[in-house]
> 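Have a look at this one.
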Number of protein chains: 2
Amino acid sequence: MPIEQLIAYFVKYIPLKDIEKNELKNRVIEKRIKRRQFILQENDVCKYYTFVVSGCFKMYGVDDKGAEHNIQFAAENDWIADIGSFHSGKASRLYIEAIEPSVILQIDQTNLVYLYHNHPKFDRIFRVIAENKFIELQNRVLLNISSTADERYQTFLNQYPNLANRLPDTQIASYIGITPEFLSKVRRIRAKKQLPLT
Amino acid sequence: MPIEQLIAYFVKYIPLKDIEKNELKNRVIEKRIKRRQFILQENDVCKYYTFVVSGCFKMYGVDDKGAEHNIQFAAENDWIADIGSFHSGKASRLYIEAIEPSVILQIDQTNLVYLYHNHPKFDRIFRVIAENKFIELQNRVLLNISSTADERYQTFLNQYPNLANRLPDTQIASYIGITPEFLSKVRRIRAKKQLPLT
DNA sequence: AACAGCCCATAAACAAGGTTAAGAAATAAG
DNA sequence: CTTATTTCTTAACCTTGTTTATGGGCTGTT
């Protein structure tokens, strides 16, 4: 059951009482999403916090030339949302698209605020989640400003081996901020160095 | 009074009761920091959340070649900490150094946890702070992976005009992930384009 | 079986950004 | 006020990454 998975996820942070579990159950909706289906498109408001039960999503922005730039992936037991749009109610500049057929749980503003006000434990849980995500992003920024494409690629492979297997290299290239062509070059150069031709 | 400034800051998020204000007062310590003084050094544990009352700090990592890479600046009414180290109790890989003579307020683990447990409102406030910082970082990541040094520099000037005036360009270069020499070139090229020689 | 649509690889020309070194201009410190 | 120390700039040369174009392989449809 998807909802059990979400509860198990929360309980890793803090134990929940039955009433809190029930409140959660009643305020979350389940959806099945096909590959390539969008759960957020540019100029729409991001109305949900989305918890990925199974499958995989990417969130990205599109530049003036039409190129996509992956800000985040989210697979099982991860959250995805344009939090800025979600809280401000303003139009998003981002897309969230399924890379695989997926099952998700979503909660909207009203219901999340209800949980915050009636069960402060959720303030705590989402504070910890936000802090952890912040730390992750901060490490990524440091990596972006201090290292080469090759280092960023290797770090991605080590840090998210699970994602690296499922994603085409072109998606990873977008995530680490280079073109797919250059990633191909990076891989070739590294292969040559370590296996200098038999 | 520094503490009044911190309270005013919190109240912008959510009103505080007198008891919450007093609890805060009793659990925060005030310090004066000289220019170039460190409040965190590599291999130390980050013991405090630091609120900047006046002055300015930078947080940065140092690479194998000894080059500094600025992850964050923090001026008046901003927070700075290596949250990862703060929560895990593990050694930090980062430095936090005063760029200007500063006045700060600090709260340690024990006291912050006390506030969280006895006054859940602080969970909420710090959740919102963490979410806002997350949004900011996410925009920065998108900028880093999708735009040129020139665009990143212009964005910095527009987004933080206050900081841009106080900081030497060399610090800004480090923040946007380029060398000071290249920033100088970027500025020159832009100047020529807009004033193509009198 | 055949077709379209990615995905991956390659290469050459080009642009963006880094390195080194050296001097000028601006700030901080004595 | 004067000396140190940063900071900013320039320029030549090198490395990293992009663009454009081409071709081959894999997957999913009909």
Side-chain angles (χ1 to χ4, degrees), chain A residues 34-37 56 58 60 63-70 97-101 143-157 163-193 195 197, chain B residues 33-37 55-56 58 60 63-70 73 97-102 143-157 163-193 195 197:
Chain A
K34 291 180 202 159
R35 189 171 128 90
R36 278 175 217 208
Q37 189 177 337
C56 188
K58 60 178 173 179
Y60 59 91
D63 66 24
D64 0 300
K65 294 176 190 160
E68 299 179 3
H69 300 278
N70 288 338
E97 181 185 343
I99 302 180
E100 303 173 358
L143 199 68
N144 280 340
I145 64 177
S146 68
S147 55
T148 63
D150 180 69
E151 291 168 325
R152 263 139 52 211
Y153 181 58
Q154 296 306 321
T155 303
F156 184 87
L157 296 184
L163 283 174
N165 288 333
R166 299 156 76 166
L167 297 173
D169 272 342
T170 161
Q171 293 301 323
I172 299 175
S174 167
Y175 181 89
I176 63 178
I178 59 174
T179 59
E181 293 85 353
F182 187 60
L183 177 54
S184 178
K185 198 181 200 172
V186 163
R187 285 157 51 90
R188 182 178 3 129
I189 291 168
R190 180 169 274 265
K192 272 190 191 154
K193 276 189 189 159
L195 306 171
L197 201 55
Chain B
I33 309 290
K34 290 181 203 160
R35 182 164 188 266
R36 271 167 223 212
Q37 189 177 338
C56 188
K58 59 178 174 179
Y60 59 91
D63 66 25
D64 358 301
K65 293 176 190 159
E68 299 178 5
H69 301 278
N70 289 338
F73 299 115
E97 181 185 343
I99 301 180
E100 303 172 359
S102 304
L143 199 69
N144 280 341
I145 64 178
S146 69
S147 55
T148 63
D150 179 69
E151 290 167 326
R152 265 139 51 211
Y153 181 58
Q154 296 305 320
T155 303
F156 184 88
L157 296 184
L163 282 174
N165 287 333
R166 298 156 76 165
L167 296 172
D169 270 342
T170 162
Q171 293 301 323
I172 299 174
S174 166
Y175 181 91
I176 63 179
I178 60 173
T179 59
E181 293 85 352
F182 187 60
L183 177 52
S184 179
K185 198 182 203 169
V186 163
R187 286 157 51 90
R188 183 182 359 136
I189 291 168
R190 179 168 275 266
K192 272 192 190 152
K193 277 189 190 159
L195 306 172
L197 201 55

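We name chains A, B, ... by the order of the sequence lines, and we start the count at 1 in each one.
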> Do any N or O atoms from the side chain of T170(A) and from the backbone of P180(A) form a donor-acceptor pair under 3.5 angstrom?
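No, T170(A) side chain to P180(A) backbone: no donor-acceptor pair under 3.5 Å.
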
> Is R188(A) close enough to dA9(C) that one of its side-chain N or O atoms is under 4.0 Å from OP1 or OP2 there?
no

> Is any side-chain heavy atom of L167(A) closer than 4.5 Å to a side-chain heavy atom of K58(A)?
no

> So what does the secondary structure string of DNA chain D come out as, 5' to 3', with Watson-Crick or wobble pairs under 3.5 angstrom, [ ] for crossing and | for pairs with another strand?
||||||||||||||||||||||||||||||

> Mind checking the CD1-CD1 spacing from I145(B) to I178(A)? Nearest 0.5 Å is all I need.
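If I round to the nearest 0.5 Å, the distance is 11.0 Å.
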
> Using a cut-off of 4.0 Å between protein heavy atoms and nucleotide atoms, how would you tag nucleotides 18-30 of chain C 5' to 3' with B, S and -?
BBBB------SS-

> Are side-chain heavy atoms of R187(B) and R190(B) found at a separation under 4.5 Å?
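Answer no - side chains too far apart.
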
> Grab the CD1-P distance between I99(A) and dC6(C) for me, whole Å please.
15 Å

> So, taking the atom named SG in C56(B) and the one named CD in E100(B), what distance separates them when rounded to the nearest 0.5 Å?
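Going from SG on C56(B) over to CD on E100(B), the span is 5.0 Å.
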
> Tell me, please, the opening and closing nucleotides of DNA chain D, 5' to 3', among those with an atom under 4.0 angstrom from a non-hydrogen atom of chain A.
dT16(D) to dT20(D)

> Rounded to whole Å, please give me the gap between CD1 in I172(A) and C1' in dC7(C).
13 Å

> Map S147(A) and P180(B) onto DNA chain D by nearest heavy atom, then report which one ends up closer to the 5' terminus.
P180(B)

> Using whole Å, report how far CZ of R190(B) lies from P of dA16(C).
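Rounded to whole Å, this separation is 13 Å.
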
> Select from A149(B) and S184(A) the residue whose nearest nucleotide in DNA chain C is closer to the 5' end of that strand.
S184(A)

> Mind calculating the distance between CG (D150(A)) and P (dG17(C)) to the nearest angstrom?
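Distance check: D150(A) CG to dG17(C) P gives 19 Å.
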
> Which residues pass the ring-ring contact (aromatic ring centres under 6.0 Å, His included) test with Y153(A), sequence neighbours left out?
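Result, ring-ring contact (aromatic ring centres under 6.0 Å, His included) vs Y153(A): none returned.
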
> Taking ring-ring contact (aromatic ring centres under 6.0 Å, His included) as the definition, give me every residue that meets it alongside F156(B), ordered by chain and number, with sequence neighbours left out.
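F156(B): ring-ring contact (aromatic ring centres under 6.0 Å, His included) contacts with Y160(B), Y175(B).
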
> What contact category does T170(A) fall into here, base, sugar-phosphate, or nothing, at under 4.0 angstrom with non-hydrogen atoms?
sugar-phosphate

> When you measure from the side chain of Q171(A) to the backbone N and O of P168(A), does any donor-acceptor pair fall under 3.5 Å?
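The answer is no, because no donor-acceptor pair under 3.5 Å joins these two groups.
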
> Once rounded to the nearest 0.5 Å, what's the spacing between atom CG of D150(A) and atom CD1 of I189(A)?
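One finds 8.5 Å between CG of D150(A) and CD1 of I189(A).
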
> For L143(A), give me all partners under side chain to side chain contact (heavy atoms under 4.5 Å, CB included), at least two apart in sequence or on another chain.
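Scan of L143(A) (side chain to side chain contact (heavy atoms under 4.5 Å, CB included), adjacent residues dropped) gives S147(A), R152(A), T155(A).
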
